[in-house]
S.K.: 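There's a structure below that I have some questions on.
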Number of protein chains: 2
Amino acid sequence: MTQAAQAHDLKLTKNQHLVLSVLESSRQPLSAYSILDRLRGHGLKAPLQVYRALEKLLEAGRVHRLESMNAFVVCCHSRHGQIHPRITAFEICESCGKVNEFHDEKVESALIQHARSSGFKIRASAIEVHGLCADCH
Amino acid sequence: MTQAAQAHDLKLTKNQHLVLSVLESSRQPLSAYSILDRLRGHGLKAPLQVYRALEKLLEAGRVHRLESMNAFVVCCHSRHGQIHPRITAFEICESCGKVNEFHDEKVESALIQHARSSGFKIRASAIEVHGLCADCH
DNA sequence: AATGGAAAGTTATGTAATAACATTATTGAA
DNA sequence: TTCAATAATGTTATTACATAACTTTCCATT
């Protein structure tokens, strides 16, 4: 990710703004198609319009993709222009659907250390834990 | 996962055996459809035949699903009847496609500790690191 | 042999993502 | 301002991934 791409004050285009708004107002991760459904009233008609917006929002660090769900969530640092930690992890509640994004120093250093010892060069990671959140069990 | 499902000496059905064989003979993870393609010569015709076999193999702990790739790999403990560690992680090479399954005590305890502190009850996890393996960089 | 449950077969459909190409907006330098 | 370059958008079609619903076959047990 480039510096420019990390800047959170980049102007969003119309579609990017629409998609981000939908994600921000959702309490759960949304699939691209369910985002599309919510935006048909705003003139969006095709999956690509959503996927292209998501691509830019991902590059800009404003949303995350949950690989194990084929779904997207806003990044908890999306506002504020914070520097985003390197390794992001998610706790995903199978009951209420809520997602807790977190950054754990120990998880990160353990993965980095393991990579170093096996000669692996990390470029991206997907760390997704499924289960029940505190409210649901 | 039940005890019975963990037993590795369970007899496999014809389709389960075919699917497992294909995965074992592949140096890379395979999608369900590419498994199907390789088994058309053996009479398989429909995706469901593969997905059903995969479902059983996953339950039995003989293969893993890579969520970030929509693909499947044999479990490195598939033979041997070993007890499978709780938390499994993968280093996936973006150049040669090879997957390194590993079980890291520090990663596991960090995730468990974080879950405990946030009141989250872990049921499953997907930990997939993408990058370049030692051979490729 | 009868039967009950698991596996397999088959067709259709649902969901996720991208290809290919045409058009419109924006930007930035001459 | 004008024009070229780049980015974004729109549109249609297609590919890839996964499951629903229902039928038939297989096989262990009575």
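Lettering follows sequence order; numbering is per chain, from 1.
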S.K.: Check this one for me: any side-chain N or O of A/Gln49 less than 4.0 Å away from OP1 or OP2 of D/dG10?
M.R.: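 The answer is yes; a side-chain N or O of A/Gln49 sits under 4.0 Å from OP1 or OP2.
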S.K.: Tell me: CG of A/Leu57 to P of D/dA8, nearest whole Å?
M.R.: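 In whole Å, D/dA8 P lies 11 Å from A/Leu57 CG.
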S.K.: Return the value, rounded to whole Å, for the distance between atom CD of B/Glu67 and atom C1' of C/dA17.
M.R.: 17 Å
S.K.: Between B/Glu24 and B/Val74, is there a donor-acceptor pair closer than 3.5 Å when you use the side chain of the first and the backbone of the second?
M.R.: no
S.K.: From NZ of A/Lys14 over to C1' of D/dA7, roughly how many Å is that when rounded to an integer?
M.R.: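 Result: 15 Å.
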S.K.: Both A/Ala46 and A/Ala53 contact DNA chain D. Which one's nearest nucleotide lies toward the 5' end?
M.R.: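 Mapping each residue to its closest nucleotide by heavy atoms, the 5'-most match is A/Ala53.
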S.K.: When the distance from CG of A/Leu36 to C1' of D/dT9 is rounded to whole Å, what number comes out?
M.R.: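 Whole-Å distance recorded here is 14 Å.
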S.K.: Can you measure B/Leu12 atom CG to C/dA6 atom C1' for me and round it to whole angstrom units?
M.R.: 15 Å
S.K.: May I have the list of side-chain donor-acceptor pairs in residues 130-137 of chain B shorter than 3.5 Å, sequence neighbours left out?
M.R.:
unit_1: B/His130; atom_1: NE2; unit_2: B/Ser68; atom_2: OG; d: 2.8
unit_1: B/Asp135; atom_1: OD2; unit_2: B/Lys98; atom_2: NZ; d: 3.2
unit_1: B/His137; atom_1: NE2; unit_2: A/Gly119; atom_2: O; d: 2.9

S.K.: Under 4.0 Å between a side-chain N or O of B/Thr13 and OP1 or OP2 of C/dA6?
M.R.: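 Checking C/dA6 against B/Thr13, no side-chain N or O comes under 4.0 Å of OP1 or OP2.
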S.K.: Kindly write out the residues that satisfy side chain to side chain contact (heavy atoms under 4.5 Å, CB included) with B/His103, not counting sequence neighbours, or none if the list is empty.
M.R.: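 B/His103 satisfies side chain to side chain contact (heavy atoms under 4.5 Å, CB included) with B/Cys76, B/His77, B/His84, B/Pro85, B/Thr88, B/Glu101 only.
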S.K.: Measuring from B/Gln28:CD to B/Cys93:SG, what's the distance to the nearest 0.5 Å?
M.R.: 9.5 Å
S.K.: Take A/Glu108 and A/Lys106, measure what salt bridge (Lys or Arg N to Asp or Glu O under 4.0 Å) needs, and give me the verdict at the end.
M.R.: CA-CA 5 Å; A/Glu108 171 162 346; A/Lys106 286 180 184 158; over 6 Å; no
S.K.: Give a yes or no answer on whether the side chain of A/Ser26 reaches the backbone of A/Pro29 with a donor-acceptor pair at less than 3.5 Å.
M.R.: no
S.K.: Please determine whether a side-chain nitrogen or oxygen atom of B/Lys45 lies at a distance below 4.0 Å from atom OP1 or OP2 of C/dG9.
M.R.: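 No, outside the criterion.
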S.K.: Measure CG/A/Leu54 against C1'/C/dA17 and give the value in whole Å, please.
M.R.: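 Rounded to the whole Å, the gap is 11 Å.
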S.K.: Figure out the CG/P separation between A/Leu66 and C/dA16, and round it to whole Å.
M.R.: 13 Å
S.K.: Using whole Å, what does the distance between atom P of nucleotide C/dA25 and atom CG of A/Asn15 come to?
M.R.: 13 Å
S.K.: Go along nucleotides 13-30 of chain D 5' to 3' and tag each nucleotide: B for a protein heavy atom under 4.0 Å from its base, S when only backbone or sugar atoms are that close, - otherwise.
M.R.: ----BBBB----------
S.K.: To the nearest 0.5 angstrom, please state how far the CD1 atom of B/Ile35 sits from the CG atom of B/Leu44.
M.R.: 10.5 Å
